[in-house]
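Single-structure report; data block below.
Sequence positions, counted from 1, serve as the residue numbers for this chain. Here the structure is a predicted model, which is why all the values come from computation and not from measurement.
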Amino acid sequence: MKEQLLKAMQRNQVIDLMYMSKGGEVTKRRVKIIKMTSDLFQAYCFGKSAKRIFIIDTVLAVVPVLRRENEVV
């Protein structure tokens, strides 16, 4: 998973990610990764309109957002 996130950051891609929140809920976010460390990453969350920090191990799935969708949104 870390490799996919790193590639998305290097390509400056907007991604949809599914992750497990601290409360155990599966959550979907549309984000753009700003920076990564060994176990965390900071990303701009479009849904919250703010920067958020995510734990890499809690990410369940990563899907790049197509350019066409990104331009419409």
Are [Y] and [X] co-members of a hydrophobic cluster defined by side-chain heavy atoms under 4.5 Å apart?
| X | Y | answer |
| --- | --- | --- |
| Ile56 | Ile33 | yes |
| Ile53 | Ile55 | yes |
| Val62 | Phe46 | no |
| Val65 | Met9 | no |
| Ile15 | Leu6 | yes |

For residues [X] and [Y], report the shortest heavy-atom separation together with the two atoms involved.
| X | Y | answer |
| --- | --- | --- |
| Arg29 | Cys45 | CD-SG, 3.4 Å |
| Lys2 | Ser38 | NZ-O, 3.1 Å |
| Pro64 | Gln13 | CB-NE2, 3.9 Å |
| Lys32 | Asn12 | CE-OD1, 2.9 Å |

Is there a donor-acceptor contact under 3.5 Å from the side chain of Lys28 to the main chain of Asp16? no
Gln10 atom CD: more than 12 heavy-atom contacts under 6.0 Å: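 Check passes, neighbour count above 12.
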Ring geometry between Phe54 and Phe41 (parallel below 30°, tilted from 30 to 60°, perpendicular above 60°): parallel
Only pairs under 3.5 Å count here: list side-chain donor-acceptor contacts from residues 20-27, not counting sequence neighbours, and write none if there are none.
unit_1, atom_1, unit_2, atom_2, d
Ser21, OG, Gly23, N, 3.4
Ser21, OG, Glu25, N, 3.2
Ser21, OG, Glu25, O, 3.2

Would you compute the distance between atom CZ of Arg52 and atom CD1 of Ile34 and round it to the nearest 0.5 angstrom? 11.5 Å
